[in-house]
Colleague: 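I have a structure I would like to understand better, so I am pasting it below and will then ask my questions one at a time.
By convention in this document, chain letters (A, B, ...) are assigned in the order of the sequence lines, proteins followed by strands, and residues within each chain are numbered from 1. Note: hydrogens, waters and symmetry copies are ignored here, and every other heavy atom, side chains too, is used.
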Amino acid sequence: MPELPKAYLPQNYETQIYRQWEQSGFFNPDNLLKKGEPFSISLPPPNATGILHAIQDLMIRYWRLRGRAALWLPGEDHAAIATQNVVEKKLHKKDGKNRYDYGRDEFIKRVNEFIASSRSTIRDQIKAMGASCDWSRERYTLDEGLSRAVREVFVRMYHDGLIYRGKRIVNWCYRCGTTLADDEVEYKEQKTPFYYLKYGPITISTARPETKVLDKVIIVHPDDKRYQGYIGKSFDVPWIDGMVKATVVADKVAEMETGTGAMTITPAHSFVDFELAQKYGFEIVDIIGPDGKLTANAGKFAGLNVKEARIAILDELKKKDLVEKIDEEYIHNLSICYRCGTPVEPLPSEQWFVAVDKPFKRGLFHRTTLKKLAIAAVSTGKIKIVPERFAKIYDHWMKNLHDWCISRQIWFGHRVPAWKCISCGEWFVGQAKPSTCLKCKASNLEQDPDTLDTWFSSSLWTFSTLGWPDKTKDLATYHPTSVMETGYDILFFWIARMVLMTQYSLGDIPFRTVYLHGLVRDKQGRKMSKSLGNGIDPIAMIDKYGADALRLSMIIGTTPGNDFRLYDEKIAGYRNFVNKLWNIVRFANLTAELKIVEIPPEAKTLADKWILSRFARVADLVTKKIESYSFSEAGEALYDFTWHELADWYLEVAKIEGNKQKILSYLITQLLKLWHPFTPYVTETLWRETFGEAAGLLMVQSWPEKLPAPADDPGFEIIRDVVTALRGFRVEHKLGPDKVINFAVTKDKYRIIESYTHLVQGLRTTTIAKPINQLSNGERLVVREGVELIVSFDKLDK
RNA sequence: GCGCGCAUAGCUCAGUUGGUUAGAGCGUCACAUUGACAUUGUGAAGGUCCCUGGUUCGAGUCCAGGUGCGCGCACCA
């Protein structure tokens, strides 16, 4: 075989190797000789942490080597709000127009153009990482097939009474111009002035005076002694926009410790107040509109935005001498949109919701709720979460889940499959538009302009990508998927909703195991963000160090659920290792004619016995660790074996003992397989360079299992200890390489050193073994229990 | 307020049922260059495993309490 270059240059091989893999057809499990349970993973929608597919590929490649039908189905989601925002910003920058200037169809055209290019960028990144996905099965959430699944589920849930339309208070982002689900709202602590306002005889407190224009109900705690005389009473109070008839109501939601213990309520703009209003039948009056401005109900303040209104209303209050005091130190939790950071307003709106607590029929006799199904899937252990602690977090979140608002007022996404009769206002839900209104026979029906929450379609991902609602062979073979691997940051958005929706749609779990990785941080431990510009560009890293190095730096030293730092020096370190592996094989090739050897050859020397036994042990460990999701430990053990046992010791011995063709062939054959799931490129390259094209691809060889190994023998360990002790002696006495150390064995309970002195001398110790009687004045060196030497060097002898 | 995580060498981190002398990588110091590899080799230094108490023959690991940092959820008048 031709001699390998001195250093491994990934750039020279990666693209070509990936093409070879793709052309082989083995990414598609239909083309594999398979045995046992299939193994499948759905690629999660790529996001900021989209480069983290190293672990998924590791699992897929491992199980493929184990002979399973390994399917890794790739795809992308449309990320509705996020994508629309990006395109809106781009267009605004380009020609100052907004989406309404373009109109719906034209705007969507622009979004689709953007998506096409962004999908291809993502695809290139995934491929560059070496991901062995089956591109023939690639899916996109807006594909017709997946869209059909979306409509199908929507219609079924509607008929089961689990999707309903209702006017409820929702989270509203007036910048994005849409509703948000509860968990799409983030909270940020902020110092806000807290106003104590005179409201007739009672002082109330608020952080948001602009919503208080029409407040006319005061809530106090039933046990609050200060207000006992007022409960149930009504009186006229001078207020922001003239006199108001105020009523005092007692309810335990009022905390006596907060402010004055008395508050007025604004049912239209607070979730808690809204509930109270429903409980007591108070009127619900909108003060803030969907445009973020005060409505006509706000009288002379109408048309002002929230900020302006606050100033104007405070002015008015001050003029009327209704401000008692202002607490400037108040800490307020501001709610903001997770996509654009704008403050979110709670306001009443008519929307589509998924009812999570509503009982429905499951089978003939069984009644249950979506929430119960989703909780049970994890609590019964049908779905295992790694690390386990997230099962508790999942459970807690699920138990507190409220009805899920699924309609969005943005344009990019799946249109709600519902049509409204313009004549009678009746709604019809179905796969297609009804020709006439079933109620009034009118023919002017219009589809709801709203689209569905992006997570609605993503929640169907594991089965919609396999062809559901058709009963496909893929669905039967690969669902439930084996593992879902993703960042813990989308546990609620995505994982939880997949469980919920799959339980509903299929009566089954979407995946057996959820592996949650940590989030990538920069060298200082900061979250990657666009504004900081500290994001890692995977392509740049791959160009610089190779995909294998990048993969290792994300696998070794990381544990599930814990964030980890990614930075140049770390990747460079693994690049060094990859080069080491390259040179191990390069050396082996220079030493011997290597062939594929599957069965451990006979051990002829102590070193042979040792390396075969160590190798069998590490192979077994790697297998166990991969199967128990301890990828870091698997990689670390293999790294240690490869560098510090095989390279540092065995190859050095091989130079002295020679005649290692069979053993080296065997070790290289098996070692490349073990490394392949971690570092697919360099191992595939070495396999091809060493064994030739005729040997086939490494990616479909068979994983070494249950390797027979020679019994443990401490022999070589003793040689090793003797060598280390002698090298240490040299450094300790500051002896240059020109000084020769003389040694004699004074104690050797294993009785082996004598016959291996050539090895001790050969392993760069620069020593001469002498009979005991010639070294009476040397230094005693205890190598280990039962093994002692007497050592001296030239200077002492003279 | 409720819950969760983290704290181990100068730095970044492993350490799954409790078990010899607690590990790795990077960095540091000394030495080595006709070597498969300087993307290298040899050797060394470096630890109160956050603190206090407990269980145990034995605790980095288990229990209780505390400190510091981070996160999630809730509240948000």
Side-chain angles (χ1 to χ4, degrees), chain A residues 3-9 182-183 187 189-190 192 194-197 204-209 211-212 215 218-219 253-255 258-266 270-273 330-335 387-390 392-393 395-397 399-400 488-489 491-492 518-519 523 525 545 549 553 556-559 561-567 569-570 572-591 624-625 628-630 632-633 635-637 639-640 643-644 647-648 651-652 654-655 723-724 727-732 734-737 763-765:
Chain A
E3 192 177 315
L4 291 171
K6 274 175 169 268
Y8 172 59
L9 293 172
D182 293 347
D183 51 325
Y187 297 91
E189 273 198 351
Q190 220 189 29
T192 310
F194 193 52
Y195 306 96
Y196 289 72
L197 306 175
I204 58 123
S205 38
T206 182
R208 301 206 54 194
T211 65
K212 300 276 154 205
D215 282 10
I218 303 173
I219 305 283
V253 298
E255 286 170 16
T258 310
T260 58
M263 61 173 179
T264 60
I265 62 161
T266 313
S270 150
F271 284 87
V272 175
D273 295 4
Y330 186 73
I331 303 287
H332 178 78
N333 245 341
L334 186 67
S335 36
E388 247 173 277
R389 64 187 148 90
F390 281 97
K392 250 189 286 180
I393 297 172
D395 193 67
H396 180 253
W397 184 84
K399 280 178 177 152
N400 287 302
Y488 62 80
D489 53 334
L491 176 65
F492 304 140
L519 309 182
K523 202 182 174 189
Y545 301 111
S553 62
I556 299 181
T558 67
T559 40
N562 293 325
D563 296 353
F564 65 96
R565 303 179 192 206
L566 192 59
Y567 45 89
E569 296 91 318
K570 190 187 270 188
Y574 288 111
R575 183 269 319 263
N576 295 353
F577 172 77
V578 170
N579 188 57
K580 189 73 182 182
L581 183 60
W582 175 267
N583 273 287
I584 286 170
V585 179
R586 172 176 140 87
F587 170 76
N589 272 304
L590 292 173
T591 310
K624 275 192 191 126
K625 294 295 183 186
S628 58
Y629 304 98
S630 303
S632 174
E633 285 181 73
E636 213 182 325
Y639 178 105
D640 195 55
W643 199 323
H644 301 304
D648 289 352
L651 294 190
E652 295 305 318
K655 288 176 190 171
V723 168
T724 305
R727 286 171 178 169
F729 181 86
R730 176 178 299 280
V731 171
E732 198 184 325
K734 293 198 167 33
L735 305 174
L763 288 167
R764 294 180 199 166
T765 51

Colleague: Which residues pass the salt bridge (Lys or Arg N to Asp or Glu O under 4.0 Å) test with A/Lys392, sequence neighbours left out?
Modeller: none

Colleague: Answer with base, sugar-phosphate or nothing: what part of the nucleic acid does A/Gln190 contact at a heavy-atom distance below 4.0 Å?
Modeller: nothing

Colleague: When you get a sec, tell me which of B/rA36, B/rC75, B/rG41 is the closest nucleotide to the side chain of A/Arg764?
Modeller: B/rG41

Colleague: Run the ring pair (Phe, Tyr, Trp, His ring centres under 6.0 Å) test against A/Tyr330 and tell me which residues pass, sequence neighbours left out.
Modeller: A/Phe194

Colleague: Under the rule for salt bridge (Lys or Arg N to Asp or Glu O under 4.0 Å), what residues qualify as partners of A/Glu636, not counting sequence neighbours?
Modeller: none

Colleague: Kindly write out the residues that satisfy salt bridge (Lys or Arg N to Asp or Glu O under 4.0 Å) with A/Asp273, not counting sequence neighbours, or none if the list is empty.
Modeller: none

Colleague: For nucleotides 1-10 of chain B, just jot down a letter per nucleotide in 5' to 3' order: B, S or -, based on protein non-hydrogen atoms under 4.0 Å.
Modeller: ---SS-----

Colleague: Just jot down the side-chain contact (heavy atoms from CB on, under 4.5 Å) partners of A/Tyr187, sequence neighbours excluded, or say none.
Modeller: A/Val185, A/Asn333, A/Ser335

Colleague: My understanding is that only residues two or more places apart in sequence, or in another chain, count here; which of them pass side-chain contact (heavy atoms from CB on, under 4.5 Å) with A/Glu255?
Modeller: A/Glu257, A/Thr258

Colleague: For A/Asn579, which residues count as a side-chain contact (heavy atoms from CB on, under 4.5 Å) partner, sequence neighbours excluded?
Modeller: A/Ala7, A/Tyr8, A/Trp582, A/Asn583

Colleague: Could you list the residues that satisfy side-chain contact (heavy atoms from CB on, under 4.5 Å) with A/Ile393, not counting sequence neighbours?
Modeller: A/Phe390, A/Leu491, A/Phe492

Colleague: Just the dot-bracket of RNA chain B, please: which string comes out with Watson-Crick or G-U pairs under 3.5 Å, [ ] for crossing, | for another strand?
Modeller: (((((((..((((.....[...)))).(((((.......))))).....(((((..]....))))))))))))....

Colleague: For A/Arg575, which contact category applies under a 4.0 Å heavy-atom criterion: base, sugar-phosphate, or nothing?
Modeller: base

Colleague: Tell me: CG of A/Asp648 to C1' of B/rG35, nearest whole Å?
Modeller: 14 Å

Colleague: Enumerate all atom pairs, one protein N or O and one N or O from nucleotides 23-33 of chain B, separated by less than 3.5 Å.
Modeller:
{"residue": "B/rG25", "atom": "OP1", "partner": "A/His644", "partner atom": "NE2", "Å": "3.2"}

Colleague: Please produce a list of atom pairs where a protein N or O lies less than 3.5 Å from an N or O of nucleotides 18-22 of chain B.
Modeller:
none

